[in-house]
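A note on names: the letters A, B, ... follow the listed sequences, proteins ahead of strands, and every chain is numbered from 1. From a predicted model like this one, the values you see are computed outputs, not experimental measurements.
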Protein chains: 2
Amino acid sequence: MTITLSTHDIAAEELPLEEQAYRRLRQALVEGVFTPGEKLSIRRIAEALGTSPMPARTALRRLATEQALDALPSGTVLVPRLTRAAFQEVSAIRAELEPLAIRLAAGRVDAGTLDALAAVVAEQDAARAAGRPELCLQKDREFLFGLYRRAGAPMLLGIIEALWLRRGPLFWEARWIVMGSPPEAAHRHGPILAALRRGAGEEAARELKAEIERMTAFLSGALQFEGEAPARPRAMRARA
Amino acid sequence: MTITLSTHDIAAEELPLEEQAYRRLRQALVEGVFTPGEKLSIRRIAEALGTSPMPARTALRRLATEQALDALPSGTVLVPRLTRAAFQEVSAIRAELEPLAIRLAAGRVDAGTLDALAAVVAEQDAARAAGRPELCLQKDREFLFGLYRRAGAPMLLGIIEALWLRRGPLFWEARWIVMGSPPEAAHRHGPILAALRRGAGEEAARELKAEIERMTAFLSGALQFEGEAPARPRAMRARA
DNA sequence: GGCCGGTCTTTGTGATCACATTTTTACGGT
DNA sequence: ACCGTAAAAATGTGATCACAAAGACCGGCC
């Protein structure tokens, strides 16, 4: 099976091939093009990218460095399958850093930005109502990162992106479960926006932290992780 | 001027050259082998490493990806000079993540480990008294990372390491100032250890957060950052 | 039928080369 | 002495090649 990697608006400028490869792979990861556990071989990626193996190799290495991909001791690289512990670790880090980003952003957003973000929230709700999980997740990202970018903290933004990158494949695979989360756990960003409008950055940060923790708790129970027995079918103990 | 990169205990096993290059550069960065602003060219590093340019290129790229090095648009890579804003950003992230690591580690350390860490603290105090800043900073790292490693959170550890990597060259250059910080700002890890012995992880985390914030406040005032006029010599406004 | 051994393929690694671009150096004019 | 320009050196990028190790596949043997 040959894979296709969208060019989107990345190759627009005259960036080095390696940088293009990096960005396209990054986006493909977020978009769920790859399945958790899938092996990504240098030559195959290079072919999909239409380049020599060299840029693909560098790009894969970079992704592996920021833990967006797992590297086997043999050097082979694959899309990570989050274990339960890893998922909870990512969540714990997010629960610290993303509220920080909100606090930093709080003092810098203007009313126009907040209006634009309110529109995104509305679109997200519409997508949820329409039963379109991929759109719903996309709007979720759009809202949060729209805010994080306003924090004026490039390093922080990069770290948060890396965390999402790692969580990406799992969320994509489980997108129906994620979207079907009960109201008390769902990402409803209304309260955050309201707090920001009041200039209450600290409160908005607390709200987001609670949101992340609620969703983590829900998914910890609802998701089936790597190496764990399927939830429903009882017993069925025999396995190779 | 030719640079020398210590092999230390890195090349011990049969790791890929690229991985060795990556680790040696990483360590060199922490050890202050490079000056902030210094340009690191692929071929020069390759020569210092005794390899072809290829492993050096990949290693430098990886370091640049995790922001341990800055990349010019031309592709040239250099040791970052922290601006005041960047320093404060790193500190803010540290103030969130390192206490988290302490909380996670609190439930997993045994008495033996705490004893070993107490010895490190004693060594650090001795180094400070002896006026040996490099040893003092090394012991500081040893203590904190000894703890962080116990958190059992590999991703968190990787992120924290990356933050220290970025802060490394600045701290090294300013090591006399760092070590000469007043008692109320200095890194005194006694209280943290005491809290951990009582099993009060939350308290230890608060203690560390306060420590980081105190040191940040002190250095923000004491350090001279990139692009800022020297503190003492007044006026001297004329410049090219 | 299941397990083992060998072969053939695929994979990652690293070196070398060619090329375009940037950066430095040196020179000549003002 | 200063500055702009051209020549020269150095630099990053990417392709290709050779090699060793890991993996897949197939046939034969117990």
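- Remark: C1' of C/dT21 and CG of A/Leu15 are 15 Å apart, rounded to the nearest angstrom.
- Under the rule for a side chain to side chain donor-acceptor pair (under 3.5 Å), the partners of A/Ser220 that lie at least two apart in sequence or sit in another chain are A/Gln88.
- For the pair A/Tyr22 OH and D/dT13 C1', the interatomic distance rounds to 18 Å; values are reported in whole Å.
- With rounding to whole Å, B/Arg44 atom CZ is found 15 Å from C/dT23 atom P.
- Rounded to an integer number of Å, the gap from A/Leu78 CG to D/dG23 P is 12 Å.
- Taking atom CG on A/Leu17 and atom C1' on D/dG12, their separation rounds to 13 Å, with Å as the unit.
- Partner of A/Leu40 under the side-chain contact (heavy atoms from CB on, under 4.5 Å) criterion, chosen from A/Asp70, A/Leu63, A/Val77, A/Thr76: A/Val77.
- One finds a side-chain N or O of B/Lys39 lying less than 4.0 angstrom from the OP1 or OP2 phosphate oxygen of C/dT24.
- Of the candidates C/dT16, D/dT16, C/dT13, C/dT13 carries the atom nearest the A/Arg61 side chain, counting heavy atoms from C-beta on.
- Among the atoms of the strands shown, none is found under 4.0 Å from any heavy atom of A/Leu60.
- A salt bridge links B/Arg103 with A/Glu96: at least one charged nitrogen is closer than 4.0 Å to a carboxylate oxygen.
- Counting only heavy atoms from C-beta on, B/Ser52 has its side chain closest to C/dA15 among C/dT16, C/dA15, D/dA24.
- Between A/Met54 and A/Arg43, the residue whose closest nucleotide on DNA chain C is further toward the 5' end is A/Arg43.
- One atom, CZ of A/Arg57, and another, P of D/dG14, lie 13 Å apart when rounded to the nearest Å.
- Using a cutoff of 4.0 Å between basic side-chain nitrogens and carboxylate oxygens, B/Arg62 and B/Glu19 are scored as salt-bridged.
- The aromatic rings of A/Phe145 and A/Trp164 lie perpendicular to each other, with more than 60° between the two planes, well past the 30° mark.
- The CD atom of A/Glu47 sits 10 Å away from the P atom of C/dT11 (whole-angstrom rounding).
- Nucleotides of DNA chain D nearest to A/Ser74 and B/Thr76 differ in position, and the one nearer the 5' end is that of B/Thr76.
- Among D/dG12, C/dA15, D/dG14, the nucleotide with an atom closest to any side-chain atom of A/Glu18 is D/dG14.
- The distance from atom CG of A/Leu72 to atom P of D/dA21 is 18 Å, rounded to the nearest whole Å.
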